[in-house]
Every structure is written in structure tokens, then in C-alpha cells.
Amino acid sequence: MQKLKPLFPRLGFWIVLIIFIGIGFQPWSTSMGTTDTMTCVIATIVIIAITIWLVNLRTHHEKLFEHRLQFSPIQKIILFTATIFFIISYVLNGNIDALVGIYHSSWHVTLIVTTVAISAGFLEEYLTRGYLFNLCQRLLNHYHVTTYPLLIASLFNSLIFGSLHLMNYFLGGQGLTATLQQVFYATCMGLLFSAFRIATNTIYIGAILHFLLDWQLSITQGAAGVSDWLGIIIIFLPMALFSLLFIMTVDQQVKKQHLYLIQQ
């Protein structure tokens, strides 16, 4: 373990600690008073700001490459196809109706829902697509693994991202089936966000998309309901497969062109 110590610096500990504090410190109740609400909003903004600052220190200001990559038409089509499935999931998830509901809600409810969605989107993305992605790259570099490093890092952070939703079962009282469904589609979504992370050379794009997915009144209600497994598989499995295909082609591009990954 002595050789691995440099891979787990104190900075990493503080990143993970602050993110989990931020995830747990959220105004879940729309019945909160104005003073409590504003306190939670300010605290959340501070936690997000500190998290982004710490992750940027660890991830070279979010950059994977010195410059954004140039992609072939085939790569663009693959990523666009994965994005289409994301849009379909966004619509079928009721997000359009949710936006209408938020629009007709009071400023108090809108502020709480927006704060919770921003907190979930940014904290989770900067933990998984930020710090954990970087951590996996450093582990691969430490052991001189040069075969599909982006793919391995993407699978690593996506599986952890999906597994984090198990807390809804063990700590949130959510049903097992609903939780397993969350784990599955969150993992698939994580692969798409990893593809965006690679394509845009940033983390915040995925964080914004994550926020938009969570930006609905039901986010304050906690437990999710059970959906149809077939519908989930039809939408999210192709999304994951196209995302994986895109990441694999980028891995080949990086190896062929001897491109420099900053974190490595």
C-alpha cells in the first residue's frame, strides 16, 4: 500500500467528504420557512463552490487534453445518436411537464427544487466525472495500463455513480425494484455523461444536463416509483452502448495520434 499513497492525497479525502456533506445537506421539504430555506440555499452554494474549486485543483481545471479533440463525422453521429436517446428519456421522464409545474409554483417551492437539483447535478458530476475519473486515470498510469484508459475510467466512475443510488434503498426506504432500476439507468446515464466529459473536455456540461434531469417537483419527494423494465432497457441500453462505442473510438484516436492526457 505504500506505493499507492500518492494516489490518494489528502485533497481527495476533502473532495469526497465535502461532496457527501453537500449531498446530505439538502432542503428536502417544501414546507420549510423562508429563513431555513435561504440558509440551506447559501450553504449549498458554498459547498458547490468549494467542491468545484477542489476538483479543479485535482483535475487541472477539468481538462483531459491540452485542447478539445477534433472528431470524425462517424464519431459525431455516434455521440449524436446517444444524445437522441438522452432527449427521449428526458421527455418520457416527464421533465417537460415538470418544467410547467415549476413555472406555476411559488417562488419558495421553485427555489427549493432548483437548489436541490443543482446540488445533485453538480456535486455528483464533480465527484464521479471529475475526481473519480481523474483517480482512475492516475491508477491506470501508476500500473502502466495503456489499453482503453478512457473506457476503463468511464466504466469505473459510471458503475460507482450507479451504485450510489443503492443508498435510496438502504437509507431512504425506497423499494428494491425501483432502486435497482435507478442503479441501471444511472449507470447508463453515467456513460453518456462520461462521453460528454471526453467530447467537451469539461465537467460542467454534464453537470448542467444532470441538473436538468433532476429539475422537477418530485425531487423533494424522495422515493421513486417502479417503472416498466422493458421501457427502461429500450431507452437506456442503446444510450449506454453508443456512449461506449464513442469512448472506444476516442481511445483509439488518442493512441493513434499520441495525444497527451493531462492527468496521466
Side-chain angles (χ1 to χ4, degrees), residues 3-4 6-9 12 15 52 55-89 124-163 185-210 235-264:
K3 293 183 178 180
L4 288 178
L7 298 174
F8 299 91
I15 291 172
I52 293 175
V55 172
N56 281 344
L57 286 179
R58 180 69 269 175
T59 62
H60 302 275
H61 301 285
E62 306 184 14
K63 303 298 182 184
L64 288 172
F65 311 99
E66 291 285 359
H67 305 284
R68 287 180 59 177
L69 302 181
Q70 299 297 318
F71 300 111
S72 68
I74 295 298
Q75 288 174 311
K76 293 179 180 178
I77 291 173
I78 294 172
L79 185 59
F80 177 76
T81 304
T83 305
I84 290 297
F85 282 98
F86 170 81
I87 295 173
I88 293 173
S89 69
E124 290 178 10
E125 287 305 306
Y126 275 83
L127 170 64
T128 53
R129 256 61 68 181
Y131 179 70
L132 293 181
F133 200 109
N134 173 273
L135 175 62
C136 187
Q137 283 187 286
R138 287 183 285 123
L139 283 168
L140 294 175
N141 184 59
H142 180 80
Y143 290 107
H144 306 290
V145 177
T146 58
T147 303
Y148 291 109
L150 292 174
L151 178 62
I152 295 173
S154 298
L155 287 169
F156 173 75
N157 79 76
S158 299
L159 289 171
I160 292 180
F161 174 59
S163 299
Y185 63 68
T187 301
C188 295
M189 196 72 71
L191 290 171
L192 177 63
F193 290 156
S194 294
F196 285 139
R197 170 131 175 59
I198 295 166
T200 63
N201 207 24
T202 61
I203 305 171
Y204 72 87
I205 298 297
I208 293 174
L209 294 175
H210 194 150
I235 295 173
F236 289 97
L237 184 58
M239 177 194 300
L241 293 177
F242 279 107
S243 299
L244 287 171
L245 181 59
F246 172 79
I247 296 169
M248 290 174 65
T249 63
V250 177
D251 259 323
Q252 294 173 347
Q253 178 182 354
V254 169
K255 184 176 182 179
K256 182 178 181 180
Q257 299 179 9
H258 302 287
L259 298 176
Y260 178 60
L261 277 69
I262 295 177
Q263 278 94 336
Q264 291 187 355

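Keep in mind the model is a prediction, meaning the values are calculated, not measured.
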Angle between ring planes, Phe86 versus Phe196, binned at 30° and 60°: parallel, tilted or perpendicular? perpendicular
Say whether Tyr204 and Glu125, considering side chains only, have a donor N or O and an acceptor N or O under 3.5 Å apart. no
Name all residues meeting the side-chain contact (heavy atoms from CB on, under 4.5 Å) criterion together with Ala82; count only those two or more places apart in sequence or in a different chain, and write none if there are none. Leu192, Phe242, Ser243
Looking at side-chain heavy atoms only, is the closest gap between Tyr185 and Met189 below 4.5 Å? no
Side chain of Arg197, backbone of Gly130: donor and acceptor closer than 3.5 Å? no
Does Asn201 use its side chain to pair, donor to acceptor, with the backbone of Lys63 at less than 3.5 Å? no
Enumerate the residue pairs fulfilling side-chain hydrogen bond (donor to acceptor under 3.5 Å, both in side chains) with a member in residues 149-161, sequence neighbours excluded, ordered by first and then second residue. Arg129-Asn157, Asn157-Ser194
Strictly distance-based, threshold 3.5 Å: is any side-chain N or O of Gln253 a donor or acceptor partner for the main-chain N or O of Gln70? yes
Return the set of residues passing side chain to side chain donor-acceptor pair (under 3.5 Å) with Thr81 (not counting sequence neighbours), or none when no residue passes. none
When you look at Gln75 and Leu69, which way does the side-chain contact (heavy atoms from CB on, under 4.5 Å) test go after all the steps? CA-CA 11 Å; Gln75 288 174 311; Leu69 302 181; over 6 Å; no
Contact between Phe246 and Ile77 at the side-chain level, heavy atoms closer than 4.5 Å - yes or no? no
Who passes side-chain contact (heavy atoms from CB on, under 4.5 Å) against Thr147, sequence neighbours left out? none
In Å and rounded to the nearest 0.5 Å, what is the CD1 to OG1 distance from Ile160 to Thr128? 9.0 Å
Near Ile74 CD1, under 6.0 Å, is it more than 12 heavy atoms from other residues, nucleotides or ligands? no
Among residues at least two apart in sequence or on other chains, which ones pass side chain to side chain donor-acceptor pair (under 3.5 Å) with Tyr148? Gln252
I'd like to check the side chain to side chain donor-acceptor pair (under 3.5 Å) partners of Thr187; sequence neighbours left out, ordered by chain and number. none
